[in-house]
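Taking it in order: structure first as structure tokens, then the write-up.
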Number of protein chains: 2
Amino acid sequence: MSDDQARIPEATTRRLSLYLRVLADLERNGADTVSSRGIADLCRLNPAQVRKDLSRFGAFGVRGVGYDVAELRQIVAGLLGVDTDSRVVIVGAGNLGQALADYPGFHGGGFEVVALFDVREEIVGTMSRRGHPVHHIDELERIIRDADVRIGMVAVPAAKAAEVVERLVGGGVRGLVNFAPVRLDVPEGIAVRNVDLTVELESLSFFLRDRK
Amino acid sequence: MSDDQARIPEATTRRLSLYLRVLADLERNGADTVSSRGIADLCRLNPAQVRKDLSRFGAFGVRGVGYDVAELRQIVAGLLGVDTDSRVVIVGAGNLGQALADYPGFHGGGFEVVALFDVREEIVGTMSRRGHPVHHIDELERIIRDADVRIGMVAVPAAKAAEVVERLVGGGVRGLVNFAPVRLDVPEGIAVRNVDLTVELESLSFFLRDRK
DNA sequence: ATTTGTGAACGCATTCACAGCT
DNA sequence: AGCTGTGAATGCGTTCACAAAT
């Protein structure tokens, strides 16, 4: 019932992120309290789902009333570990890497992009539009250590992904977001999230196949 | 047991996409046959999972032997509807939209990016690095109709997403890949895949929270 | 009257285990 | 002997429904 390291399903942690987003919106709009139904409607979920997710971590609501928006927002931010910034590096400074570095959702959102890395000498030393520096991949391990980087985003071609992951993990990152179209092999204890555009498109295509 | 429109779980269709990728790799490497275990190892899945997924569509294997790589690759491509190209448009020609348009995974992969759209006059009329044109959003409906576009990718800020989706759907697309950090409201029959970078990072952050 | 927190019921996806085919 | 196809078993996440609290 409380926060043991993790008997928490990944699905719950992903919804927690949605809750945080709607709570921040509600707070910005001046809402004081919100019910599980209110949150559920905004996330297109079942209210019982919201209550069950939250109750895994404690009893934060008031029966008959609901949840205090500001308080719950802070609690959920704490659960997700976004109340303090985590440093992130991006390997691969092509179109995708640059787009990720400059993604507006990061600003003030608990993550700080420290640097991008690439092997192409013509872009090493340049900066992304918003000013994130592109370093040579040789500096990867040093910068991970110096800046205490926890998360690496992999935005290189599939053929390079395994090598990059080995260096990221060897360097000390604990979590990976992988955009390369391969299934990574990582040591026990390293968390991976795959963002696979091909899978999204092809699985979408399946459902569209026979429709006019 | 056969291909009724869809009592097929989304999880199965997503794995189908993985199978297609490893089958294409195997074929490229000259493999003639492959067992469910062979596929499963490459996808880091259980062999029974692979067999069960495939058996939803027919009996494609040979007992004691396995699956014919080239034949199964064609079958799976057909199931996913990527044996003929689907036209795609991308709304939002910022960093992300451009990166998506030029994503190498699309070439020869069953999808054709017809155009990008934006409201910013300074980029309307330009082209992405690989030559995809940026049109004004006013041309969206016309081009969807003329090119018979089936899929729209939403790469605009959260605040603009709802309006863009309404125009895409009104114009005639049947499927959406949404990169904006909002939960979309779409009519019955329109398929949506959300790619939410914030959710990926925050759910990752949860698992890293208490680790050194 | 309203809304939470939660045990129980349900539904669905994954895995097991084996009969059946080559 | 080897591997598929699949019914049965398992495991897990979601939803229901209600007692408890205000």
Side-chain angles (χ1 to χ4, degrees), chain A residues 1-4 6-19 22-23 26 31-69 71-72 75-76 79 183 199 203 206, chain B residues 1-4 6-19 22-23 26 31-69 71-73 75-76 79 183 199 203 206-207:
Chain A
M1 243 134 279
S2 202
D3 60 353
D4 289 24
R7 187 72 330 134
I8 307 296
E10 182 181 323
T12 293
T13 67
R14 301 179 72 93
R15 284 190 297 266
L16 244 27
S17 174
L18 296 181
Y19 303 159
V22 305
L23 287 166
L26 285 166
D32 287 334
T33 62
V34 64
S35 65
S36 59
R37 169 170 302 280
I39 296 173
D41 287 349
L42 291 167
C43 298
R44 310 199 200 291
L45 295 168
N46 183 302
Q49 178 84 82
V50 175
R51 295 198 299 277
K52 181 137 283 190
D53 283 338
L54 294 175
S55 74
R56 289 172 180 278
F57 303 99
F60 308 125
V62 179
R63 291 169 194 234
V65 179
Y67 303 88
D68 182 284
V69 170
E71 180 195 332
L72 187 59
I75 289 169
V76 174
L79 291 171
R183 255 30 186 178
V199 168
S203 69
F206 176 89
Chain B
M1 244 135 276
S2 203
D3 60 354
D4 291 22
R7 185 72 333 134
I8 306 296
E10 182 181 324
T12 293
T13 67
R14 301 179 73 92
R15 285 191 296 267
L16 244 27
S17 175
L18 296 181
Y19 303 159
V22 307
L23 288 165
L26 286 166
D32 287 335
T33 63
V34 64
S35 65
S36 60
R37 170 171 302 280
I39 296 173
D41 287 348
L42 291 167
C43 299
R44 310 198 199 292
L45 296 168
N46 181 302
Q49 179 83 83
V50 175
R51 295 198 299 276
K52 180 137 283 187
D53 283 338
L54 294 174
S55 75
R56 290 173 179 277
F57 303 99
F60 308 126
V62 179
R63 292 169 194 232
V65 179
Y67 301 90
D68 183 284
V69 170
E71 180 194 332
L72 187 59
R73 204 220 73 239
I75 289 169
V76 174
L79 291 172
R183 258 25 188 180
V199 169
S203 69
F206 175 89
F207 284 103

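Residue numbers begin at 1 in each chain, while the letters A, B, ... track the order of the sequences. Every value quoted in this text rests on a predicted model; they were computed, and no experiment measured them.
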**Study point:** Length of the NZ-P vector between A/K52 and D/dG13, whole Å
**Key:** 12 Å

Revision key, fill the gap. A/D53 atom CG is separated from C/dG5 atom P, nearest whole Å, by 12 Å

Point to revise | From C/dG5, C/dC16, C/dT4, nucleotide with atom closest to A/A59 side chain | key: C/dG5

**Study point:** Integer-rounded Å distance: C/dT6 C1' and A/F57 CZ
**Key:** 16 Å

**Study point:** Spacing of A/I39 atom CD1 relative to C/dG5 atom P, expressed in whole Å
**Key:** 11 Å

Review point. Are the side chain of A/R44 and the backbone of B/R183 linked by a donor-acceptor contact shorter than 3.5 Å?
Key: yes

Practice item. Take atom CD of A/Q49 and atom C1' of C/dT6, then tell me their distance rounded to the nearest Å. Key: 14 Å

Review point. When all nucleic acid strands are considered with a 4.0 Å heavy-atom cut-off, which category describes B/T12: base, sugar-phosphate, or nothing?
Key: nothing

Review point. Looking only at side chains, do B/T33 and B/D68 share a donor and an acceptor under 3.5 Å apart?
Key: no

Point to revise | Atom pair distance, as rounded to whole Å: CZ in A/R37 and P in C/dT4 | key: 9 Å

Review point. What string of B, S and - do you get for nucleotides 17-22 of chain C 5' to 3' if you count protein non-hydrogen atoms under 4.0 Å?
Key: B-BBBS

Check your understanding: Does any N or O in the side chain of A/S203 come within less than 3.5 Å of the main-chain N or O of A/V199, such that one atom is a donor and the other an acceptor?
Key -> yes

Review point. Rounded to the nearest 0.5 Å, what separation is found between the CG atom of B/L45 and the OH atom of B/Y19?
Key: 5.0 Å

Point to revise | Distance (rounded to the nearest 0.5 Å) between A/C43 SG and A/Q49 CD | key: 10.5 Å

Review point. The side chain of B/N46 lies closest to which of these nucleotides: D/dC3, C/dA13, C/dC16?
Key: C/dC16

Point to revise | Interatomic spacing from CD1 in A/I8 to CZ in A/R56 - rounded to 0.5 Å | key: 5.5 Å

Point to revise | Presence of B/R15 side-chain N/O under 4.0 Å of C/dT14 phosphate oxygens OP1/OP2 | key: yes

Study note, to complete from the structure: Scanning both residues in full, the closest heavy-atom pair of B/F206 with A/L79 reads CD1-O, 3.2 Å

Review point. How close or far is atom P of C/dT14 from atom CG of B/L54, stated in whole angstroms?
Key: 13 Å

Point to revise | For atom CZ of A/F60 and atom C1' of D/dT22, their distance in whole Å | key: 19 Å

Practice item. State whether B/Y67 places a side-chain N or O below 4.0 Å from either non-bridging phosphate oxygen (OP1 or OP2) of D/dG5. Key: yes

Exercise for review: Answer yes or no: does a side-chain N or O of A/S36 lie under 4.0 Å from OP1 or OP2 of C/dT3?
Suggested key: no

